[in-house]
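As the structure is a computational prediction, the values presented were derived from the model and not from experiment. Chain letters run A, B, ... following the sequence lines, proteins first, then strands; residues in each count from 1.
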2 protein chains.
Amino acid sequence: MKDVASVAGVALKTVSRVVNGEPGVNPATAERVREAITRLGYSRNESARVLRRGRTSTVGLVIEDVADPFYSTLSRAVEDVAISRGCLLLSGSSSEEPARERELVLTFCARRVDGLIVVPAGEDHSFLRPELEAGTPAVFVDRPPGPGLDVDTVLCDNAGGARLATRHLLSHGHRRIAFLGDRPSIFTAARRLHGYRDTMGRLFDERLVSMRVPSPEGVRADLDRMLALDEPPTALFTGNGRLTVTALRALAGRPMALIGFDDFELADLLRPGVTVVAQDPFGMGRIAAELLFRRLSGESGPAEHLRLPVRIVPRGSGELPP
Amino acid sequence: MKDVASVAGVALKTVSRVVNGEPGVNPATAERVREAITRLGYSRNESARVLRRGRTSTVGLVIEDVADPFYSTLSRAVEDVAISRGCLLLSGSSSEEPARERELVLTFCARRVDGLIVVPAGEDHSFLRPELEAGTPAVFVDRPPGPGLDVDTVLCDNAGGARLATRHLLSHGHRRIAFLGDRPSIFTAARRLHGYRDTMGRLFDERLVSMRVPSPEGVRADLDRMLALDEPPTALFTGNGRLTVTALRALAGRPMALIGFDDFELADLLRPGVTVVAQDPFGMGRIAAELLFRRLSGESGPAEHLRLPVRIVPRGSGELPP
DNA sequence: GAACGTATAGACAACGTTGTCACACCATAT
DNA sequence: ATATGGTGTGACAACGTTGTCTATACGTTC
């Protein structure tokens, strides 16, 4: 900028004015400055600007894994909102590791992001408190923060979705319905188990429940164990998209009524089509981002806790008879 | 930092030394400083650090769409490499729009990213020249830059993969093989068409070629047109993952030999399983990122042009007889 | 006891912007 | 002729770091 100023024969401040489109510059002078800018290939140093102005126009996004379609869709929605507000996205995958989540969040804060959108992995987010008090707003998505942190959250109706799915299978005549979920420490897994258990009532049988890391071997073993029972399950409710796919592979064509939580591409092309409880990851990301930007534009008030509806999409697998 | 210094009763510089783990500070003093830091909840302002030191420890990634599994996988690989080098990722989706690509790249440069990884959408990247000359290294992935820009590229063997697929179908007795590709302006689409055409030789019939935006309606119309020919195709070669899925939906169960370029989740669960030419998006991202970091650590030399191999994964659909 | 080396600490400038204030100039009103 | 006001421009400080240079205190060596 200094160079531009000396080439154009004006003061630093005048160049600054031209670059920022501030009024009060003679059109002829402005033109001279613009010429100098293109001649030198100058581009403003945002770091210095940030330092001076205090706003980075950057939003931090922490998700579990960008490579997971659910989170990549959410990510895209957040990005679209951010771009429309002139912000860029600094993003990172926590890989479901609390330590990495913490590190990402703190690194983002050290870079003074204007706001944070977090899909939490850990259970303790006290490390965020100083940042929140310092005025960096945060929105939690898909899962709530650990105890003692009152912050905006955007969740889906996990228990309600599980009830829907379980009722759907019950209404098609199933009584032995198995549930395959992720580790119970994961909020969504616990809530979905809750909805399932709730709806099963006296039909609940803990031998038909598996909560574990969704590895092909583990899922296969658990399924085999259940199918070897005296009264084996006639239907399966899988607690997330990855588990649904893993279970489908483990079943290897053996017919079994199945409903999965989370929709996924090609669910309609399988035979039978896979009935799912669909959430809207794009909408979730968009709503979270919009909420964050409302906070950034100064909206105060108590933390909002949104719960987005889910819907059942019948495609065949959930309508199979026992 | 100033506050920390006054609380600890030391000079600014001493705090800086402690924060950066520089030697030459009395352990007792360092302890006092650390106490003040935790008491005040101080965290270093990276913007100021960046301004002073000139390095942002940030890499910019421009892809077509994070929500596309191919690019989200690539993105994750880049992120992993970046994190392992202590860098963060600033990422954006171009939506296949040259203007947005340009804007993203220039915004990243204004923020002084240390390096760029770009999946280009446009054909003209002259806007990058000043940045390259200013020393910001860039690696192009999946597609090469526009003419006149000699920069590192990591591509896959598009034409070779198309030849593999076409030969595979020919060897299974097909003579009427249709090709469904994206718009010919897209590099990968053009290269794949080339490989297909090449291998078809005298069997090539342009009525069996469709190059278009992968919309369900358009693909369906083109397929219907081909199937209504006197000598309709007995096999289909689809030019990318999205087209494969769109074509499978358009075929709606009508059996037809099919090979798709790009692997996708669940290809093995469809009946018949979908034979694909698989690239390795994770490997592509990793290699591109590693190349970028080699440049960042000062490696000079002529631009590298890597071409990663592809392999055919037979799953049934590509082995159907005519 | 003078000269020197080492460990620790601080003063100060600089990075590239932008906000505040002041100045010079000209046109118009008194 | 002098006051008033707007317009265009510039000087300067500040944002929060870090690199360079210097100062002090203390111990060691000749």
Closest to side chain of [X], choosing from [options]:
| X | options | value |
| --- | --- | --- |
| A/R52 | D/dT17, C/dA9, D/dC15 | D/dC15 |
| B/A48 | C/dA9, D/dG16, C/dG19 | D/dG16 |
| A/R49 | C/dT18, D/dA11, D/dT18 | C/dT18 |
| B/R17 | C/dG10, C/dT17, D/dG19 | C/dG10 |
| B/N45 | D/dG10, C/dG10, D/dT17 | D/dT17 |
| A/N26 | D/dG10, D/dT9, D/dC15 | D/dT9 |
| B/L51 | C/dC15, C/dA9, D/dA11 | C/dC15 |

Between atom [atom1] in [X] and atom [atom2] in [N], what is the gap in whole Å?
| X | N | atom1 | atom2 | value |
| --- | --- | --- | --- | --- |
| A/R112 | C/dT17 | CZ | C1' | 18 Å |
| A/E46 | C/dT17 | CD | C1' | 10 Å |
| A/R55 | D/dC15 | CZ | P | 19 Å |
| A/R53 | D/dA13 | CZ | P | 22 Å |
| B/R111 | C/dG16 | CZ | P | 18 Å |
| B/E22 | C/dT8 | CD | C1' | 13 Å |
| A/L12 | C/dC21 | CG | P | 19 Å |
| A/N20 | C/dG16 | CG | C1' | 12 Å |

The single option from A/V33, A/V4, A/V25 passing side chain to side chain contact (heavy atoms under 4.5 Å, CB included) against A/V10
A/V33
Is there a donor on the side chain of B/K13 or the base of D/dG19 sitting less than 3.5 Å from an acceptor on the other?
yes
Looking at B/E46 and B/R44, is there a salt bridge between them, counting it only when a charged N and a carboxylate O are closer than 4.0 Å?
yes
Counting the atoms with a prime plus P, OP1 and OP2 as sugar-phosphate, which does [X] contact under 4.0 Å by heavy atoms, base, sugar-phosphate, or nothing?
| X | value |
| --- | --- |
| B/R44 | sugar-phosphate |
| B/S16 | base |
| A/V19 | nothing |
| A/T29 | sugar-phosphate |
| B/V10 | sugar-phosphate |

Any donor-acceptor N/O pair, A/S47 side chain to B/L51 backbone, under 3.5 Å
no
Hey, could you give me the CZ/CZ distance between B/R242 and B/F70, rounded to the nearest 0.5 Å?
11.5 Å
OP1 or OP2 of C/dG10 versus the side-chain N and O atoms of B/T14: is any pair under 4.0 Å?
yes
B/R143 NZ/CZ over B/F187 ring centroid, <6.0 Å and within 45° of normal:
no
With side chains defined as the heavy atoms from C-beta onward, is the minimum distance between B/I287 and B/L308 less than 4.5 Å?
yes
